[in-house]
Amino acid sequence: MKPDLTGILIFAFLGGGIVTFIGSIIKFFNAGDVLNFYDEKIHDKNKVSKIVGNDIFYTGLGIILIAIISIFLNNKYYYAMMITQTIILLMGLLLSCYHFFWTCKK
C-alpha cells in the first residue's frame, strides 16, 4: 500500500500540529514543569522551557513543512516524504530527551 497525499497531510496536521502546540505551550508560557520527568531539584525550569520547548516546537514545524513541500511533488516521492516526517519526529523527540536529561540541569 503506497501512501497518498491525504495520509501525509493527516500525519502532518495531527502529529505535527499536536507536537507544535505542545512545544509552543512549553516555550511561550514557560511551562517546562509540565513534562513528565521534571524535578525542580535537578532541572532549571527556564532552561527546560526554552530549550526543550524550542526542540519540540521546531520538530512539529518541520513535520508540517515537509507536508507542505510534498503537495508540490510528484506522487512517486510520497513514500520518501512519509519516511522523512517519521525520521524528523523521532529525531526531534530524541533530541528533546537528550537536552532535557543532560543539558537542562542546574
Side-chain angles (χ1 to χ4, degrees):
M1 186 165 106
K2 295 189 82 164
D4 58 344
L5 187 59
T6 308
I8 292 172
L9 294 175
I10 287 173
F11 182 76
F13 292 112
L14 283 178
I18 290 170
V19 171
T20 303
F21 177 72
I22 291 170
S24 64
I25 294 294
I26 292 171
K27 178 182 177 182
F28 296 119
F29 294 110
N30 199 18
D33 55 347
V34 299
L35 295 171
N36 197 19
F37 293 108
Y38 177 79
D39 185 9
E40 62 186 31
K41 297 174 191 165
I42 299 172
H43 299 101
D44 182 19
K45 182 179 176 183
N46 292 327
K47 271 187 179 178
V48 169
S49 298
K50 188 174 104 177
I51 295 173
V52 176
N54 276 338
D55 290 344
I56 295 172
F57 180 73
Y58 290 126
T59 298
L61 285 182
I63 293 170
I64 294 171
L65 179 69
I66 294 296
I68 292 171
I69 290 171
S70 67
I71 292 173
F72 303 107
L73 294 178
N74 194 356
N75 61 357
K76 67 180 179 179
Y77 298 112
Y78 287 166
Y79 187 72
M81 292 293 111
M82 282 293 272
I83 297 295
T84 305
Q85 284 179 328
T86 306
I87 289 171
I88 287 174
L89 180 65
L90 293 176
M91 294 303 289
L93 293 177
L94 285 174
L95 181 67
S96 298
C97 288
Y98 171 75
H99 282 155
F100 181 76
F101 287 114
W102 283 279
T103 61
C104 293
K105 295 186 178 185
K106 288 186 177 179

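We're numbering straight along the sequence, starting at 1.
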*With sequence neighbours left out, write down each residue that passes side-chain hydrogen bond (donor to acceptor under 3.5 Å, both in side chains) with Asp33, or none if nothing qualifies.*
none
*asked:* Restricting to ring pair (Phe, Tyr, Trp, His ring centres under 6.0 Å), what partner residues turn up for Phe101, sequence neighbours left out?
replied: Phe37
_Do Val34 and Tyr38 have side chains that approach each other closer than 4.5 Å (heavy atoms only, starting at C-beta)?_
no
*In the hydrophobic cluster built from side-chain contacts under 4.5 Å, what are the other members alongside Leu14?*
Ile10
*side-chain hydrogen bond (donor to acceptor under 3.5 Å, both in side chains): pairs with one or both residues in residues 80-105, sequence neighbours excluded*: Asp55-His99
*Apply side-chain contact (heavy atoms from CB on, under 4.5 Å) to Phe13 and Leu9, showing your working.*
CA-CA 6 Å; Phe13 292 112; Leu9 294 175; 3.9 Å; yes
_Residue pairs passing the side-chain hydrogen bond (donor to acceptor under 3.5 Å, both in side chains) test where at least one lies in residues 41-51, sequence neighbours excluded_ = Asn30-Asn46, Asn30-Ser49
*Compare all side-chain heavy atoms of Tyr58 with those of Leu61 and state whether any distance is below 4.5 angstrom.*
yes
*Results of ring pair (Phe, Tyr, Trp, His ring centres under 6.0 Å) for Phe72 - residues two or more places apart only*: none
*Partners of Ile87 by side-chain contact (heavy atoms from CB on, under 4.5 Å), sequence neighbours excluded?*
Ile83, Met91
_Test side-chain contact (heavy atoms from CB on, under 4.5 Å) applied to Leu93 - qualifying residues, sequence neighbours left out_ = Leu89
*Measure the shortest side-chain to side-chain distance between Ile71 and Leu5 over non-hydrogen atoms and say whether it is less than 4.5 angstrom.*
yes
*Restricting to pairs with a member in residues 8-29, which pass side-chain hydrogen bond (donor to acceptor under 3.5 Å, both in side chains), not counting sequence neighbours?*
Lys27-Asn54
_Contacts of Thr59 that satisfy side-chain hydrogen bond (donor to acceptor under 3.5 Å, both in side chains) - sequence neighbours left out_ = none
*Would you find more than 12 non-hydrogen atoms of other residues, nucleotides or ligands less than 6.0 Å from Phe28 atom CZ?*
yes
_Pairs where residues 70-87 contributes a residue and the test salt bridge (charged side-chain N to carboxylate O under 4.0 Å, His left out) is met, not counting sequence neighbours_ = none
